[in-house]
Structure formats: C-alpha cells, structure tokens
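Everything below concerns the one structure shown next.
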Amino acid sequence: MSTSKRLGPQDMMFLYGETPSTMMHVAGLLPLTPPPDAPPDYLRTLIEGARSLEVVAPWNFKLAHPRLQYLPTQSWVVDDNFDLDYHVRRSALASPGDERELGILVSRLHSNSMDFARPPWELHFIEGLKGGRIAIYIKVHHSLVDGYSAMKYLTRSLSTDPDTSDPRLFFNIPAPKRAPAARPVPGSGSALGALEGLAKNLVGGANSAMSLTRALVNTQLRRDHEYRQLISSAEAPHSILNGRISRNRRFATQQYKTARLKELGARYGATINDVAVAVIGGGLRAFLEELGELPDRSLVAFLPVNIRPKDDDGGGNAVGAMLAPVGSDIADPVRRLKAVNTATQLSKAQLKTLSKNAILAYSAALLAPGGIQMASAMTGIRPPVPYTFNLCISNVPGPRETLYLNGSRLEAIYPVSIPMHGMALNITLQSYADTMNFGFVGCRDTLPHLQRLALYTGAALDELDRR
C-alpha cells in the first residue's frame, strides 16, 4: 500500500464535518433510456462489463487512517485489496416504477454513510423503471472529489455517439496529466499550517491584501454606498431550515428547458442562475407558508462559486462563496428576480477584484459565523443574532451535448447534495444538453413532504413566465 496524495485543507473540512447525521457525500441520479434493440439481459451485461473494468486513481484511493478521521495529516492511499463488487451494485423498483418510487429509493441510498475503510464511492444500477428505462445513482464522498471534478470524470466516460459500445465508466477514466504540482506549503500537514500557508500567499502582495480587506469591509460594514445591498454574514432570519437534522434524507427533482430560463433572464436583465434562485425563492415561499414557517425577511442562500480556470480538469476542492437573498419575502415574481439579480451582480463584481487565494480567504471569513448556527442547531439553543445563511444553492455546469452510455441515452443529471445541522436543505442545479436539472435534498424529519417544494418551484417558474 503506497501513499498517493495528501488531502488539502478544504478536502479535510469534509472529513471533519462527517457525522452519523451530517454525511459529507454527494451523488448524482442519471436516468437512461436503453436503445430500442436492447436485449432482455442488457442491464446484466452492462453491470458485468462494469465489474470487469480496471479501477484507476482517484477511485482506488482510500484513507490511510480510516479510524482516525480527524487526523490532521490524513492522506489518500491506494487500496491494494480493492473489491469492485462492493462498489458496483444492482437495485430494482417494483416494475413499472415511477419517478416518486425512484426518488424514495435514492433518498434511502443517500441516507447511508460511506465506509472509509474502502474508497468512498458507490455505483448503483437501478432497473424496473416505467417503459423499460434504467437509472444510475453514483455516490462519492466530497473529500475525494467535488461536483466539478465528478462531472469532468462522468463526461469523459460517456459518448456523444449512440452507436458506441464502449463499456468505460467514470472509475476507469485516467485523470489527465498535469504540470508538476507546486511545492508543499511548509507546515501544510496541519490545519493551522494550511491556514498559515494561505495567509502567506495572501500577504505576498500588498494589492491582494488591500483588495481582501476592502471586500470584507464592503460586505460586513457596507460603508461604500455602491455595496449597500450586499448580504453580510448576519442577515439570514431564523427559520425551520436551520434546525438539527437526522440521518434520514428526502430527494426530489425538477427539469426545465435551459432556453426557457435563458429567455426569462434576458427579459429581465438577469442570468439563468438568478432566475433559478428567484423561482426557488418562490417555491420556498409557498412551501414554508403552507407549513406556517415563512419568515418575515428573505431567506439567504449560500452560493458556492467555482474558482478554477476554465481548462482545469478537477480534483480536490476549489470553491469560493457568495451570499444572496432568494426573495422569499416578496410575492411578486418580477420584483423577487430583480432583488436577487441586484445582490448577485454586486457580489460577482466584488469577487472579480480578488485573486484566487483572496477569494478563498474572503469566503472563509464570510461563512465563519455559520459555525454559530451549526452549534445552535446541535444544542437547540437559539442564538440572539441572525444566521449567516438558511440554505445552499449551487450550480454545476455540465455537458452541452446529449450523451450515451453503451447506447443508452442519458435523459438527465440530477445532483444530490449535502444537508447539515443548521442547513436542512441543499439544492443543486446541473445543466445538461438543453436542460437545467434541479436536485432538492433535505432532512425528511425537519422538512416534511419535501417533494412539494419541487412542485412549488415549478409553479413559481410558471408564474414568472406569465408576467
């Protein structure tokens, strides 16, 4: 067993956050339509082909010390006793299964923790869907790869040719060769050392340090009139979304045409992401109002921001952050969208003034008070100050062309993300071909009937479209 890779500071944070009820794995649900001439044993052949493939890095990595989860010098090592049958599994719905039954199965699969004594990922082939369709559920721990990296691997393993019979899957695709890695930061074996190294990088230039300081002052103190509408770290209202969660998950989906979202954005001078955040805000308004839990002030979303170069092939985690209102306090859909757009444009303009390391430091400072809401959720003691955020809404760019797996057409890519104490709801958007796919995942005990939120989000989109 040989050492392969030291975990970075952000990767370690996902290990530190892992508990029986706050599991730090992400996943994707991929419904597929088999080719018209698929034989009766098509799925069996597909699974047998998957189990015959060679597993390459990072998918053959496991933790060097799985029983010492919080060890600050944790590394990934190659699993010399890799058991592919453990990772590649088969499930079935009672045929003909519908979308609700598929969602229930995914909810159950997502409620189970990863085994750190093995490489932390699973691949489930699901049969029994109506019309002879099948699905794949892929689960991976966030410390191994982030959503951006996982999408890169997935895209490389699929084909744009419906007639291809290539049996490759994501765990069989070698990572592209990169330029030699930079020298390790001294003291990077500990969390304190990692922060010290980041600080050294930041103060390496006076302009970087000044830009970071200015950004934090603009956001938290808002002395500059131009940034008065930025959301600070203490503006999110107390809400049911910020309670303690259990290990039980509920998952729901929605799919919309990208052209529809783009047209609405163009109509009101907003981005597709702004439209998505605003309609989610409308969905949350109806959902929480039905539960009698709608706050007077707008809910605040934490929006992860990918800070990789466009040609980066992924691996590990490199994510910044913004805070934005979702407009859940605004009944009018157009006013809601304009409020979201104003806040996000200001945040983006500010991030553009910062270097990559400065964005990481700014994001850490922005989200640091969020630890209070997590502690509040775990102890049940309501803090006297507002929360930092109520939910997470992320957008992962995906492939623009229709893809196929051994002749099966990929219908959608639905992300399944991470709820946690103090943030019982996580919504991730995934673009694919000409669609935008929404994955809603939350604690089923904290947020009953979560599938209604997905339906109300669709209704909010229809309402905006009618204006």
Atom pair [atom1]/[atom2] of [X] and [Y] - distance to nearest 0.5 Å:
X      : Y      : atom1 : atom2 : answer
Tyr387 : Leu299 : OH    : CG    : 12.0 Å
Asn390 : Met423 : CG    : CE    : 10.5 Å
Met420 : Cys392 : CE    : SG    : 8.0 Å

>> The test is side-chain hydrogen bond (donor to acceptor under 3.5 Å, both in side chains); show your working for Thr33 and Glu411 and say whether it passes.
In response: CA-CA 7 Å; Thr33 300; Glu411 301 172 2; 2.4 Å; yes

>> Apply side-chain contact (heavy atoms from CB on, under 4.5 Å) to residues Asn395 and Val277 and explain how you reach the verdict.
In response: CA-CA 10 Å; Asn395 189 341; Val277 171; over 6 Å; no

> Out of Tyr256, Tyr414, Tyr432, which one pairs with Phe438 under the ring pair (Phe, Tyr, Trp, His ring centres under 6.0 Å) rule?
Replying inline: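 Among the candidates, only Tyr256 passes.
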
> Taking the six-membered ring where the residue is Trp, are the ring centres of Phe251 and His110 under 6.0 Å apart?
Replying inline: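 No; His110 has its ring centre 6.0 Å or more from that of Phe251.
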
>> Using the ring centroid of each side chain, check whether Trp121 and His141 are separated by less than 6.0 Å.
In response: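 Distance test on ring centres: not under 6.0 Å, no.
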
>> Using the rule given for salt bridge (charged side-chain N to carboxylate O under 4.0 Å, His left out), can you reason through Arg133 versus Glu99, listing the C-alpha separation, both sets of side-chain angles and the distance that settles it, and then say yes or no?
In response: CA-CA 11 Å; Arg133 296 158 55 241; Glu99 301 305 315; 3.3 Å; yes

> Is the backbone N or O of Ala331 less than 3.5 Å from a side-chain atom of Arg336, with the two atoms forming a donor-acceptor pair by type?
Replying inline: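 Yes, Arg336 side chain to Ala331 backbone: donor-acceptor pair under 3.5 Å.
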
> Do side-chain atoms of Ser239 reach the backbone of Leu241 as a donor and acceptor pair under 3.5 angstrom?
Replying inline: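 Pair found, side chain donor or acceptor close to backbone of Leu241.
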
> Under 30°, 30 to 60°, or over 60°: which ring-plane class applies to Phe14 and His142, parallel, tilted or perpendicular?
Replying inline: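 Parallel, since the angle between the ring planes stays under 30°.
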
>> Is the ring pair Phe389/Phe302 parallel, tilted or perpendicular, if the boundaries are 30 and 60 degrees?
In response: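 Rings of Phe389 and Phe302: tilted, 30 to 60°.
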
> Passes side-chain hydrogen bond (donor to acceptor under 3.5 Å, both in side chains), Arg247 versus Asn112? Steps please.
Replying inline: CA-CA 8 Å; Arg247 66 181 292 271; Asn112 297 326; 3.1 Å; yes

Is any side-chain heavy atom of [X] less than 4.5 Å from a side-chain heavy atom of [Y]?
X      : Y      : answer
His124 : Val106 : no
Val334 : Lys338 : yes
Leu405 : Leu30  : no
Phe116 : Leu15  : yes
Pro399 : Leu154 : no
Tyr268 : Leu464 : yes
Leu105 : Ser91  : yes
Thr446 : Leu425 : no

Closest contact, heavy atoms only, [X] versus [Y]:
X      : Y      : answer
Pro58  : Val145 : CG-CG1, 4.2 Å
Pro448 : Leu291 : CG-CD2, 4.2 Å
Gly327 : Val340 : N-CG2, 4.4 Å
Ala460 : Gly283 : CB-N, 3.8 Å
Leu169 : Ile173 : O-CG1, 3.4 Å
Leu455 : Gln254 : CD2-NE2, 4.0 Å

Neighbour count >12 (heavy atoms, 6.0 Å) for atom [atom1], [X]:
X      : atom1 : value
Arg44  : CZ    : no
Arg335 : CZ    : no
Asp296 : CG    : no
Lys262 : NZ    : no

> When Pro415 is tested against each of Ile427, Thr428, Asn426 for side-chain contact (heavy atoms from CB on, under 4.5 Å), which residue passes?
Replying inline: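 That would be Thr428; it is the only one of Ile427, Thr428, Asn426 passing the side-chain contact (heavy atoms from CB on, under 4.5 Å) with Pro415.
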
>> With side-chain contact (heavy atoms from CB on, under 4.5 Å) as the test, pick out the partner of Asp274 among Thr342, Leu264, Val279, Asn341.
In response: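 Exactly one candidate clears the test, Asn341.
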
>> Walk me through whether Leu29 and Leu102 qualify under side-chain contact (heavy atoms from CB on, under 4.5 Å).
In response: CA-CA 10 Å; Leu29 173 64; Leu102 179 60; 3.9 Å; yes

Output yes when [X] and [Y] qualify as a salt bridge under the 4.0 Å nitrogen-oxygen rule, no when they do not.
X      : Y      : result
Asp445 : Arg250 : no
Arg467 : Asp332 : yes
Glu290 : Arg285 : no

>> Go through it in stages, so that I can follow the logic: the residues are Ser298 and Val326, the test is side-chain contact (heavy atoms from CB on, under 4.5 Å), and I'd like the CA-CA distance, side-chain angles, deciding distance and then a yes or no.
In response: CA-CA 6 Å; Ser298 174; Val326 301; 4.2 Å; yes

>> Could you tell me if Asn437 and Gln255 have a donor-acceptor pair between their side chains, going purely by distance under 3.5 Å?
In response: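 Present: a donor and an acceptor within the cut-off.
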
>> Run Ser408 and Tyr42 through side-chain hydrogen bond (donor to acceptor under 3.5 Å, both in side chains) and show every step you take.
In response: CA-CA 10 Å; Ser408 290; Tyr42 174 82; 2.5 Å; yes

> Please walk me through it: do Thr45 and Asn406 pass side-chain contact (heavy atoms from CB on, under 4.5 Å)?
Replying inline: CA-CA 10 Å; Thr45 302; Asn406 204 31; 5.8 Å; no

> Could you go step by step and tell me if Thr19 and Thr22 meet the side-chain hydrogen bond (donor to acceptor under 3.5 Å, both in side chains) rule?
Replying inline: CA-CA 5 Å; Thr19 72; Thr22 58; 2.5 Å; yes

>> Under the criterion salt bridge (charged side-chain N to carboxylate O under 4.0 Å, His left out), I'd like the reasoning laid out for Glu263 against Arg267: C-alpha separation, chi angles, the key distance, then a yes or no.
In response: CA-CA 6 Å; Glu263 190 279 325; Arg267 189 189 305 175; 2.8 Å; yes

